[in-house]
Amino acid sequence: MLTIEVDFGSDRPVYRQIAEQFRGLVARGDLIDGEELPSVRQLAANVGVNLNTVAKAYRILADEGLVDLRHGSRARVLGGARARAPEVEELERELGDVISRLVLQGRGREEVQAFFETAVERFFER
Amino acid sequence: MLSRIILASTIVTVVLVVWLVARTDRERVFYMDLGRKLDANDRARVRRVRVVTLGSALIGVAGAAFTPIPTAVLVSTLLPFVPIVWLLIEVVGAVKSAKPMEASLRFRVPLTDPPPAKQYVSLPLQVAQGALVLLSAAAFVLVRSHLPELVPLHFDAAGRPNRWGSPDELWALGGIMLFCWALSWLIVVGVAKERWALPTTQTEAYARASRRRRSLLVRMVEVLMLCVNGAVAVSWLGIALGSLPGMSHLLAISVVAALVLSAGGAVGSLVAFLAPLAAVQRELTALGGVALGTRPDGWRWGGMIYYAPDDPALFIPKRIGIGQTFNFARPAAWLILIVLLVVPIGIAFTSMLLSRR
C-alpha cells in the first residue's frame, strides 16, 4: 500500500510535505510513468486540508515536470526521465544549509557524512 | 395490558443496563476505555447507575402489580427509559473526565481511494431490508380494499383506540420504514467517508483493524434497523389486519411482537457487537490511536464535541467510546442533525395533533 506521510506538527507547510513525499515516490520508482495520482478532493479529505493545499503541491510537481495536470482529469505521473533538470547550484545551496545546521548542532565532518549515508540508505530502503 | 408492557420494557432496559455495567473493570467504565485507571468518581458513577436501575426495576414490578392511576401512567410509561437516560448521563460525565491518547499529528495517507461504502454493507441484510419494506407495502395494498372506512390509528395508555381514521394514514408507517433504512445508509456512508489516516508504524495492521471497526459498526446498525423495521412492519400489518372483522386479537399480538422485535434488536445488536467493537477500539489505540488525523484542538467539551473549521472532514470517529461524531464546524453536520431530529419529532407531533382532532 503506497502512502504519503504528513506531519501537522512540522514547521514545513503541508503542501511542501505533500510535494516532497510524491517526489520521493517517483524517485524511488514507486510511482511510474502514466500512473494516476489521487484526486485533489480525495487527498485533501484524507489529509484533512483545504483543496488548494493539495492543488498547490500538485502544481509544484507539475512545474518540476514530474506530473501532468489536465483540467477535468486526475494528475498523471510523467516519470523521472521527463522531470526538469534540477538547478545544481540551488540543490547545493539547500544541502549547504542542512550541513550548516548539523555543524551548528556540534557534529564534525565524519558525523555529517555518516548522517548523509544513513539518510541515503533509508531513502532507498523505503 | 399497559402495566405488562411497562414491566416488559423495564425488564429489557434493566437487563441491558446491568449488562453494560458488568462491562466495567479496572480500566473500563461501562463499555468505554477512559485511558486511565478507574477512580472513586467512576466507582460512584457505577453505583448510582446500579441504584437507579434497581429502583426502576422495583417500580416496574409494582406498576405491573397495581394498575396505575391515570396521572401516574405517563410516569410509568417513561420508566423503561430512566436507567438508559441515567446511564447516558453518567457516560457523559465519564467521557469528560477521560484522558484519551492524543492522536499523533504525524500520520500516513494511502494513495488509493479508501474502501467504498459497499465494502462494509451486508448484501443479505440489505436485501432483507428491501424485501421487508416492499413486502409490507405489497401486503398492505392487498388488504387495503378489504379494510373498513375507519381503522384505529392511535391508542391511549390502556391500549384502547382513541383516534380512528382512513386506512391510508397507515402509509406513514411505510414512510417510517424508509426513513430507518435511509438512516442506516447515512451511517454506512458516514463510516466510509471517515478519514483513511494510518499511523507511521504498523500501518497495515492498523488498516486491517480500521476496516474491521467500520464493518462491525455498519453491521450493528444494519441489524438494529432491520429489527426496528420488522417491528414497524408488524405494527403496520397488525393494525390493518386487526381492523378486519373477527381479527381484533391481532392488534394486541402485533403490539407485543413489535415490542419484542425492537427491544430484542436493540439489546441483541448491542450484546453481539459492543464487545468486539470495544476490542477493536483497544487494538487501534495500541497501534496508533483512534481518531487519527483529527486536530487535537478541535476536540471541545472534554472531547465530546469536535469543532475544527480547518478540517474538511464531516464524519469523525469518536475519541472515547464507540461510533462516530460530526465535525460541527461543517454546516452539513447541522443540516443532517436537524433532519434527524425534525423527522421523528414531526411524526410524533403530527400524530399528537391528529389524535386530538
Side-chain angles (χ1 to χ4, degrees), chain A residues 1-58 61 66-67 73-77 122-123 125-126, chain B residues 102-117 189-211 214 287-289 291-299 306-317 326-327 329-330 332-333:
Chain A
M1 179 169 45
L2 277 186
T3 58
I4 59 165
E5 195 174 307
V6 179
D7 187 357
F8 280 118
S10 165
D11 291 335
R12 291 188 336 280
V14 175
Y15 72 88
R16 276 189 58 188
Q17 292 183 43
I18 295 172
E20 283 165 12
Q21 292 282 318
F22 276 113
R23 201 180 289 128
L25 289 171
V26 176
R28 279 190 290 271
D30 291 332
L31 281 175
I32 53 166
D33 204 353
E35 236 175 307
E36 280 187 342
L37 265 50
S39 73
V40 170
R41 185 173 294 277
Q42 187 58 60
L43 193 59
N46 272 4
V47 177
V49 290
N50 196 287
L51 298 179
N52 293 331
T53 305
V54 177
K56 200 168 173 180
Y58 281 9
L61 296 169
L66 284 174
V67 301
S73 61
R74 285 191 180 191
R76 274 178 189 279
V77 176
R122 280 199 189 141
F123 180 88
E125 272 172 14
R126 263 184 222 164
Chain B
E102 281 293 337
S104 173
L105 291 170
R106 196 168 148 220
F107 57 91
R108 292 194 155 270
V109 174
L111 297 190
T112 46
D113 286 340
V189 171
V191 165
K193 292 269 179 196
E194 261 183 27
R195 175 159 303 139
W196 195 236
L198 306 166
T200 49
T201 55
Q202 297 177 292
T203 308
E204 297 282 352
Y206 189 96
R208 279 195 299 276
S210 192
R211 262 191 221 105
R214 293 174 184 212
L287 287 170
L292 206 58
T294 55
R295 310 284 195 276
D297 55 357
W299 292 100
Y306 187 70
Y307 183 92
D310 59 339
D311 186 347
L314 174 62
F315 299 96
I316 306 291
F326 287 118
N327 178 5
R330 305 264 76 82

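Chain letters run A, B, ... following the sequence lines, proteins first, then strands; residues in each count from 1.
When all heavy atoms of Leu105(B) and Gly9(A) are compared, the pair lying nearest together is CB-N, 3.7 Å. Minimum heavy-atom separation, Pro312(B) to Gly48(A): CD-C, 3.3 Å. Minimum heavy-atom separation, Arg195(B) to Asn46(A): CD-O, 2.8 Å.
Across Glu194(B), Arg295(B), Glu204(B), the residue that shares the most heavy-atom pairs under 4.5 angstrom with chain A is Arg295(B). Contact count versus chain B (heavy atoms, under 4.5 Å) is highest, among Val49(A), Leu37(A), Leu43(A), Leu51(A), for Val49(A).
Neither the backbone nor the side chain of Ala308(B) has a heavy atom closer than 4.5 Å to any heavy atom of chain A. In this structure, the portion of Gln42(A) lying under 4.5 Å from any heavy atom of chain B is its side chain and not its backbone. Only the side chain of Leu198(B) has a heavy atom closer than 4.5 Å to any heavy atom of chain A.
Among Thr3(A), Asp30(A), Leu25(A), the one residue that satisfies the side chain to side chain contact (heavy atoms under 4.5 Å, CB included) test with Leu111(B) is Leu25(A).
If you take CZ on Arg106(B) and CD on Gln17(A), they are separated by 10.0 Å, rounding to the nearest 0.5 Å.
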